[in-house]
Amino acid sequence: MDRNLALEFVRITEAAALASSRWMGRGDEKAADQAAVDAMRRAFNSLRIDGTVVIGEGERDEAPMLYIGEKVGMAGPDAPSVDIALDPLEGTTICATGGVGAISVIAVAERGRFLHAPDTYMDKIACGPGAAGSIDIDAPPEANIRAVAKKLGKDISDVTVVILNRPRHEKLIAEVRKTGARIHLIGDGDVSAAVATGVVDSGIDLLLGVGGAPEGVISAAALTCLGGDFQGRLKFRSDEERARATRMGVSEIDRAFRMTDLCHGPVMFVATGVTSGPLLKGVSFLPNHRAATHSIVMRSATGTVRTIEATHDLARKPATMSGR
Ligand code: VTB
């Protein structure tokens with residue numbers, strides 16, 4: 001992975017974001033997701049890599065495209081072999097309702113470096129570089145908030161915790177409220193929320209709570225690049241899910257996974273905003289068939305974080321004209 005592939009991958013998340021953003025607010029989650037998947041799959045064809053999807057749209061029998069194990073890219077003699085964790089549209093409901101923080105996202109690592117997380121839940125904790133070293137998934141929320149506040153040199157009342165707004169988090173929310181910390185409740189999209197903890201001016205210090213496990217691995221990739229921290233523990237809904245985790249090669253399925261268990265570097269992370277959120281601006285459509293995208297591109301080898309604002313001439317990219 002000598003090449004800064006991330007700069008090439010950004011074209012892929014841009015394509016997926018442009019396509020799915022056409023469906024913003026139209027109430028059709030499936031169509032928004034399909035548009036992102038189709039555009040991402042198409043865009044991979046022009047990339048000189050020997051890629052294998054290890055976190056994708058699902059297992060082969062349930063996802064026709066970008067399924068786990070699918071080969072992507074133009075393999076060739078000098079094409080690097082990489083594993084890919086992707087989510088063409090993270091936040092389908094957000095996109096369908098025109099809400100906050102839907103993104104298109106790809107993480108890339110050398111072969112065998114991502115945990116092959118099954119499609120189950122994960123209890124997560126994430127923070128940025130300023131608070132790294134202070135969090136522990138096994139500690140109660142109060143202890144984590146206290147430790148983060150101390151590390152950041154903030155009062156607890158100045159710490160903002162992001163949590164998915166779900167009935168399963170009722171107790172967690174009550175515990176966080178008791179500490180006096182601020183809470184940002186989100187309807188969906190905990191990848192962009194986790195990554196936002198690593199971006200100084202995002203206004204978010206800590207992510208707590210249970211979301212999707214595959215997306216936990218993607219979040220860990222971003223925080224590896226940013227120098228933050230991410231820890232997770234799988235939360236199974238059934239014995240079948242536990243069996244699947246073992247089948248996918250996860251050992252000690254009940255233990256707490258540290259960031260380096262979920263993904264170990266060198267790793268790259270790329271995301272493009274679909275709808276605006278604390279991390280990225282969403283796609284905006286401009287006069288004369290133009291559209292603007294906002295992306296973040298980073299890699300762990302150098303720690304460089306780039307934001308890329310692009311203007312696209314949709315008339316010269318026919319596939320992006322209608323999104324259908
Ligand atoms: C969603 C979504 C997240 O996990 O919450 C999902 O918003 C799982 O939770 O971004 P529910 O089944 O309660 O919706 C994510 O997709 C990823 O972690």
Side-chain angles (χ1 to χ4, degrees), residues 13 16-17 20 24 29-30 32-34 36-37 40 54-59 62-63 66 68 85-107 114-127 137 161-173 183-198 202 204 206-223 228 230-238 240-241 244-245 257 259 262-263 269 271-280 282:
T13 53
S20 52
M24 185 180 107
E29 301 182 13
K30 268 213 165 110
D33 196 44
Q34 195 58 53
V37 171
M40 184 172 274
V54 296
I55 287 193
E57 287 296 283
E59 297 202 36
E62 62 199 33
L66 300 177
I68 297 164
L86 56 81
D87 197 344
L89 179 58
E90 154 59 3
T92 48
T93 309
I94 301 174
C95 183
T97 57
V100 172
I103 59 173
S104 176
V105 62
I106 297 178
F114 287 124
L115 182 87
H116 292 194
D119 188 10
T120 182
Y121 283 101
M122 181 184 271
D123 193 9
K124 310 176 185 181
I125 183 166
C127 71
I137 190 147
V161 184
V162 64
I163 302 174
L164 274 169
N165 194 3
R166 291 289 187 279
R168 64 175 176 267
H169 291 150
E170 216 174 289
K171 182 164 168 263
L172 171 65
I173 291 167
I183 302 181
H184 178 39
L185 285 177
I186 53 169
D188 279 293
D190 73 354
V191 175
S192 93
V195 182
T197 64
S202 70
I204 291 168
L206 183 65
L207 169 120
L208 292 174
V210 176
E215 294 86 350
V217 173
I218 296 176
S219 304
L223 288 159
F230 184 100
Q231 299 163 22
R233 175 177 271 114
L234 297 173
K235 300 274 280 187
F236 300 102
R237 287 167 289 194
S238 63
E240 153 55 23
E241 283 190 354
R244 187 189 288 198
F257 291 99
M259 194 159 66
L262 297 170
C263 95
F269 175 93
T272 301
V274 177
T275 65
S276 291
L279 183 66
L280 291 163

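The structure presented is a predicted model; accordingly, all values stated were derived computationally and were not measured. Heavy atoms only: backbone and side chains are in, while hydrogens, waters and symmetry mates are out. Whatever order the structure lists ligands and atoms in, that order sets their numbers, starting from 1.
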I'd like the contact residues of ligand 1, where contact means a heavy atom below 4.0 Å. Glu90, Tyr121, Lys124, Leu164, Arg166, Arg168, Asp188, Gly189, Asp190, Gly211, Gly212, Glu215
Go through it in stages, so that I can follow the logic: the residues are Asp119 and Glu59, the test is side chain to side chain contact (heavy atoms under 4.5 Å, CB included), and I'd like the CA-CA distance, side-chain angles, deciding distance and then a yes or no. CA-CA 9 Å; Asp119 188 10; Glu59 297 202 36; over 6 Å; no
Kindly compute the distance separating CG (Leu262) from CG (Leu223), expressed to the nearest 0.5 Å. 10.5 Å
So how far is it from Ser20 OG to Glu90 CD, rounded to the nearest 0.5 Å? 12.0 Å
Using modelled atom types only, decide if a donor and an acceptor are shared between the side chain of Thr275 and the backbone of Ala102 within a distance under 3.5 Å. yes
Locate the shortest heavy-atom distance separating Pro214 from Ile55; write the atom from each residue and the value. CB-CG2, 3.7 Å
Show the nearest heavy-atom pair for residues Val191 and Ile103, with the distance to one decimal. CG1-CD1, 3.9 Å
